[in-house]
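I have placed the structure first, in the form of structure tokens, so that the comments after it can refer back to it.
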Amino acid sequence: MILQNWWYTTLMGIKEPVQPPLAGHVKADVLIIGGGAAGLAAALRLMDQGTDVVLLERNICGGSSTGKSAGFLTPDSELDLSQLVRRFGPQGARDLWEVATTGVEIMTSVVKQHSIQCDLVRQDSLFVSNGAAGWKAVQEEAECRKLLGFPCVLYSADEIPSILGSQSYSGAVRYADTFAINPLLYAQGVKQLLMKNGVRIYEAAEVRAIEGRTARTHLGSVTAKEIIFCADKLTPALTTYSWSVYHAQTFLAVSEPLEETDISAMFPEQPLQCWDSDLIYTYYRLTGDRRLLVGGGSLATTYSSNDVTAPRVIDRIIRQLKEKFPCIRHVEFIQYWPGRIDMTRDLLPTVLRDERRPWIHYVLGCVGLPWASFCGDFAARHVLDDVGCDDHKYYRYFSIDRGFLLPVWLEKIVGKEPVFAVNNAWATYYQVDTARKIRYRENRF
Ligand SMILES: Cc1cc2nc3c(=O)[nH]c(=O)nc-3n(C[C@H](O)[C@H](O)[C@H](O)COP(=O)(O)OP(=O)(O)OC[C@H]3O[C@@H](n4cnc5c(N)ncnc54)[C@H](O)[C@@H]3O)c2cc1C
């Protein structure tokens, strides 16, 4: 198994994957910094309105989290519906579920409308449970779906073998209208579409500084009336909001193509995209070209600031998956890669307008491709018309001023990782936001 992102390997088949970096000075109405799911969604919205846009990307479009991801397009990402109901009540959960389902819709509709070749497949989602605690979590998820009128099917342990070739799970909840993609081909396909429609895109063009309305790269600069900042792995040199974002590490591996017999042994009914109920969960799905994609992590590596490139974590995940699915014991995994997801302490994204430089709009810490796509689009809609924008109901959730269990200043004493880990676990299992006042200011969006 070699250390290489499988999605990068699939880029070999496309023409002109890399755009030249920016050289010299250019002007635009809107500058977008970062060509991940968020920046691309912002660019699509502005393209539709005929806005003059420049997009600067440090790597290639999709070259960071987006193009390293597993490509599950489900509303969940890290935020189960039951977690949202507990934190915000049924109406808040409905509002936020709509964020993620709209994000899925943004991505799938552009793929379908423009025939972007990115291995889009429709695949039901299956949240599977480990042990009694997991079964409780799965049942809660099913109850919350019923409460909000979202269809689902609940499976007990003895029903699982009808849909999965495993005897190891204590239950599962399944729902439809979810998808999966090759996320790097998606990003590159959207890039081509944007360029065809006049958006100027520069790759290998890292923004090193923003001075007033001008962003500077190594060889050039862009002056724009408005800036949408969708970059990841922030540094204090580039933005004072870098303190609000953390980076969780996860790992992926892809197998050789599966035989039909292996596929029907693993997924007796039809391929499903699955993840389990552990805090650091394992996830897997079949790609459109019949490879098995598996991902996960460990408690130590998720929160650690050290990047792990050795295969030991993913080796363990593959071993455990094979124990659960004896039918795939002989399957070889050929490539693996690590990645870091930008996230906030409570896993909700932060969207804001800079207080002192209100022409800069930030999209930060989006966990999940759908959330990033929604938030990029949200920021672009505010750039186009912040008064007429009817998205005010989301302000309380996306606000930079919202409260967290442990304050940031504690990081100076105990370090960033422990504060993030405690806040993150608190948000996942205990946080109830309706009990406290969520602060936000209208002029910050
Ligand atoms: C291994 C892994 C698996 C995942 N699996 C899934 C999944 O299955 N489903 C799902 O929904 N989500 C998944 N995620 C999460 C998902 O990938 C992210 O939440 C999402 O891609 C965030 O999109 P984004 O546009 O906000 O950020 P990014 O995709 O990180 O985009 C930010 C962009 O900004 C660029 N940039 C950074 N600094 C600068 C600069 N100074 N100048 C110019 N450009 C800059 C970066 O190169 C990058 O391309 C996964 C993530 C990882 C790492």
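Atoms within each ligand, like the ligands themselves, are counted from 1 in listed order.
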Extract all donor-acceptor atom pairs below 3.5 Å that involve side chains of residues 333-348 and protein atoms in other chains or at least two apart in sequence.
from   : atom 1 : to     : atom 2 : distance (Å)
Gln335 : OE1    : Thr9   : OG1    : 3.4
Gln335 : NE2    : Gln4   : O      : 3.1
Gln335 : NE2    : Thr9   : OG1    : 3.0
Tyr336 : OH     : Thr309 : O      : 2.6
Trp337 : NE1    : Lys68  : O      : 2.8
Arg340 : NE     : Asp307 : OD1    : 2.6
Arg340 : NH1    : His247 : O      : 2.9
Arg340 : NH1    : Ser304 : O      : 3.1
Arg340 : NH2    : Ser304 : O      : 2.8
Arg340 : NH2    : Asn306 : O      : 3.2
Arg340 : NH2    : Asp307 : OD1    : 3.1
Asp342 : OD1    : Lys233 : NZ     : 3.2
Asp342 : OD1    : His247 : ND1    : 2.9
Asp342 : OD2    : Lys233 : N      : 3.0
Thr344 : OG1    : Asp346 : OD1    : 3.0
Thr344 : OG1    : Leu347 : N      : 3.2
Thr344 : OG1    : Leu348 : N      : 3.4
Thr344 : OG1    : Leu348 : O      : 2.6
Thr344 : OG1    : Arg402 : NH2    : 3.3
Arg345 : NH1    : Leu406 : O      : 3.1
Asp346 : OD1    : Leu348 : N      : 3.2
Asp346 : OD1    : Arg402 : NE     : 3.4
Asp346 : OD1    : Arg402 : NH2    : 2.9
Asp346 : OD2    : Arg87  : NH2    : 3.3
Asp346 : OD2    : Arg402 : NE     : 2.8

Taking the six-membered ring for Trp, are Tyr397 and Tyr395 ring centroids under 6.0 Å apart?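 Not under 6.0 Å, so no.
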Give a yes or no on whether the ring-centroid distance for Tyr284 and Phe325 is below 6.0 angstrom.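 That pair passes the under 6.0 Å test.
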Any donor-acceptor pair under 3.5 Å linking the side chain of Glu203 with the backbone of Ile60?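 A pair under 3.5 Å: no.
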By side chain to side chain donor-acceptor pair (under 3.5 Å), which residues pair with Ser82, not counting sequence neighbours?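 Partners of Ser82 by the side chain to side chain donor-acceptor pair (under 3.5 Å) criterion, ordered by chain and then number, come out as Glu141.
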Return a table of N or O atom pairs, ligand 1 on one side and protein on the other, at distances under 3.5 Å, rounded to 0.1 Å.
from     : atom 1 : to     : atom 2 : distance (Å)
ligand 1 : 5 (N)  : Ala70  : N      : 3.0
ligand 1 : 8 (O)  : Gly71  : N      : 3.2
ligand 1 : 8 (O)  : Phe72  : N      : 3.0
ligand 1 : 9 (N)  : Phe72  : O      : 2.9
ligand 1 : 11 (O) : Phe72  : O      : 3.3
ligand 1 : 11 (O) : Leu369 : N      : 2.7
ligand 1 : 12 (N) : Leu369 : N      : 3.4
ligand 1 : 17 (O) : Ser65  : O      : 3.2
ligand 1 : 19 (O) : Cys366 : O      : 2.8
ligand 1 : 19 (O) : Gly368 : N      : 2.6
ligand 1 : 21 (O) : Thr66  : N      : 3.2
ligand 1 : 21 (O) : Thr66  : OG1    : 2.8
ligand 1 : 23 (O) : Thr66  : OG1    : 3.4
ligand 1 : 25 (O) : Ala37  : N      : 3.1
ligand 1 : 25 (O) : Ala38  : N      : 2.9
ligand 1 : 29 (O) : Thr66  : N      : 2.9
ligand 1 : 29 (O) : Thr66  : OG1    : 2.5
ligand 1 : 30 (O) : Ser65  : N      : 3.4
ligand 1 : 30 (O) : Ser65  : OG     : 3.3
ligand 1 : 30 (O) : Asp232 : OD2    : 2.9
ligand 1 : 41 (N) : Val207 : O      : 3.0
ligand 1 : 42 (N) : Val207 : N      : 2.9
ligand 1 : 44 (N) : Arg58  : N      : 3.0
ligand 1 : 47 (O) : Glu57  : OE2    : 2.5
ligand 1 : 49 (O) : Glu57  : OE1    : 2.7
ligand 1 : 49 (O) : Glu57  : OE2    : 3.1

Under the salt bridge (charged side-chain N to carboxylate O under 4.0 Å, His left out) rule, collect the residues that match up with Arg291, sequence neighbours excluded.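 Arg291 satisfies salt bridge (charged side-chain N to carboxylate O under 4.0 Å, His left out) with Asp289 once adjacent residues are dropped.
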